[in-house]
Amino acid sequence: MKMKKILSIILTAAIILTTACSDNNTSSVNAQNSNVSKTESNTTSSTDSSSETSQNIVTEAPAENTPNRVDDTLPQCEPANKCIMCYQDGSIMKSVDGYYYSTSYTTFNGEFTGNYVLSYYDVKSGKSIPLCSKPECMHDGNQFCVATSHIREVSFGESWDALYNGYIYRLAQLNNEMDESGGSTREYVLYRSDLQGNERSFIAKLYDPIIKNGDGTITFLSDAIFHLGKLFYTMNGDSETVGELYVLDLESGKRKQIIIPENKDGIERTDNDIFSITADGDYLYFAVMDEKKKGDDVIYDKTTLYRYNIKSGEIITVSALPDIYSSFTVNNGIVYYITVDRANNTFSLYSYDIENDKTTALEENVQQGYLEGKHISESNRVKVYTDRQYLYISTCGDYQYKRENSHQYETDFYVYSLDGKKLLHGLKGLPTDIPEWSFIFRALDGHIYLDFDSYTPKGETDNLSGVYTIKTEELINGSTEWTKLYNSGR
């Protein structure tokens, strides 16, 4: 078939992967810094899991955070381009000549195959095809189709995709069965596909089967990044649960839990989440928010930023940050973070150089008409990102939207240089003069990507939805010419 010939040509050209790796994969951070304190306790139990079979192989591991084998030549994470779990959406998966993405798919005979179908978009031809090299494949969910073989497993679950080190990784929540009490079992797994659509393989279970209780308590996969040959991910809960952090080696499929230090203020962690994990050089960074209430009154409220040395297993506390902040990101040993004055609807941007123990105010008291919240856990918080070339600030988080007959969040957008110079305010050239729309933000390799949805009424042709991109430098210099790529079908 003609389409199969196109697939062979396009996917062969797409083998070479463009990544947002830093040339410096080693950290220059001084762990003896006066504002970075070593934790007193790292002890608890952990498990290892193997992908040799479809069942976890669980072995006992030392009751401490142990060192990891790390290959510094492997890519670093792309901090502004990671999977966004709360919106069931993957990252921008860019190759030399096109993009891989996940979408819904209808076969050529008009039969709806399902969602989360892996596809490839070729920039030159403007064509998209399922990521499958099997001749005459119907792309109907059969076990030999790389693009759709997972559908029967996750059609009622969720999945998120990321391109890392020459493979597409899929984090998937498998279909679950309800029990008599109204509870169900959740299971998260990791698959890997090659870039030509030849093969999909099972890597590991990400978590032992999770029981969803009849009372509504849920444990869920909430954040994930790929870095130096590892997958780091968090498991959080929605009621009286303590978040957990894991590292999985992509080569061996073995996982282990990273033990989070106890709260130094003596507050027992019975209901907390881990937020906004990112990685930089030898370190994984993650924030834990602890809250304690007496009735409806909050009597303790604190966010702690930790830094985990991937090579040694040691965790330290970055104590220079304030107790409450809205978001953070890290590049080259510099922590960038946002604070919000909710009473006055202003935000401020700071940087903290860990090696030199220096905090710098990059921008203070930027006035807004309305800001939703100041805590790192709130979905509409003011969020700072980096693609290791620029800083991006969105006042409404990853997801921005406009709706008729609903509360309107004020959304604003800024671009700064890494030394804090404001380069851009506002996004221009987008089709946002329509009644309802939304977009999800990404940044990669000095480009902005917006997964735009126009919410076209049923029965009308949707010519606006799709992934739009523009080079950040060109946007800063006044260009409004966005390029429309594929439609993710979200």
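Throughout, numbering of the chain's residues begins at 1 and tracks the sequence. Values in this document were obtained by computation on a predicted structure and should not be read as measured data.
- Salt bridge D280/R388: present, at least one basic N to carboxylate O contact under 4.0 Å.
- Closest heavy-atom contact between I338 and Y325: O-CB, 3.3 Å.
- Residues Y306 and E262 approach most closely at OH-O, 4.4 Å, considering heavy atoms.
- Ring planes of F439 and F452: parallel class, angle under 30° (limits at 30 and 60°).
- Put simply, the side chain of T360 never gets that close to the backbone of L362: no donor and acceptor are under 3.5 Å apart.
- No donor-acceptor distance shorter than 3.5 angstrom exists from the side chain of N331 to the backbone of I334, with no hydrogens or angles considered.
- In this structure, R192 is positioned above the aromatic face of Y167, its NZ or CZ under 6.0 Å from the six-membered ring centre and within 45° of the axis.
- The pair K311-D72 meets the salt-bridge criterion, with a side-chain N (NZ, NE, NH1 or NH2) lying under 4.0 Å from an Asp/Glu carboxylate O.
- A perpendicular orientation is assigned to the rings of Y207 and Y246, their planes being inclined by more than 60° (bins at 30° and 60°).
- Salt bridge status for D290 with K302: absent, with no side-chain N to carboxylate O gap under 4.0 Å.
- Panel note: side chain H227, backbone A279; no donor-acceptor pair is recorded below 3.5 Å.
- What you find for P79 and T278 is that their closest heavy atoms are CB-OG1, 3.5 Å.
- When atom types are taken as modelled, the side chain of K256 and the backbone of T66 share a donor-acceptor pair closer than 3.5 angstrom.
- K402 has no carboxylate O lying under 4.0 Å from a charged side-chain N of E436, or vice versa, which leaves the two without a salt bridge.
- Salt bridge K230/D249: present, at least one basic N to carboxylate O contact under 4.0 Å.
- Here the side chain of Y385 pairs a donor or acceptor atom with the backbone of D398 at under 3.5 angstrom.
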Walk me through whether Y169 and F226 qualify under ring-ring contact (aromatic ring centres under 6.0 Å, His included).
CA-CA 10 Å; Y169 288 91; F226 293 86; 5.1 Å; yes
Any chance you could lay out the ring-ring contact (aromatic ring centres under 6.0 Å, His included) test for Y416 and Y392, step after step, and finish with the verdict?
CA-CA 6 Å; Y416 289 83; Y392 304 88; over 10 Å; no
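- Between the side chain of D71 and the main chain of T73, a donor-acceptor pair closer than 3.5 Å is present.
- Scanning all heavy atoms of the two residues, the minimum distance from G373 to S326 falls at O-OG, 4.3 Å.
- Closest non-hydrogen pair, S222 versus N236, comes out as OG-ND2, 2.7 Å.
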So S488 and D451, side-chain hydrogen bond (donor to acceptor under 3.5 Å, both in side chains) or not? Walk me through it.
CA-CA 7 Å; S488 66; D451 190 351; 2.9 Å; yes
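- Between R307 and E314 there is no salt bridge, since no side-chain N of the basic residue sits under 4.0 Å from a carboxylate O of the acidic one.
- Here the shortest heavy-atom pairing between S91 and K82 reads CB-C, 4.2 Å.
- A 4.5 Å side-chain heavy-atom check between D301 and H375 finds at least one atom pair inside the cut-off.
- With contacts defined as side-chain heavy-atom distances shorter than 4.5 Å, the pair F347/T339 does not qualify.
- Formation of a donor-acceptor pair under 3.5 Å by the N81 side chain with backbone atoms of I92 is found in this model.
- To the nearest 0.5 Å, atoms OG1 (T234) and CG (L221) are separated by 6.5 Å.
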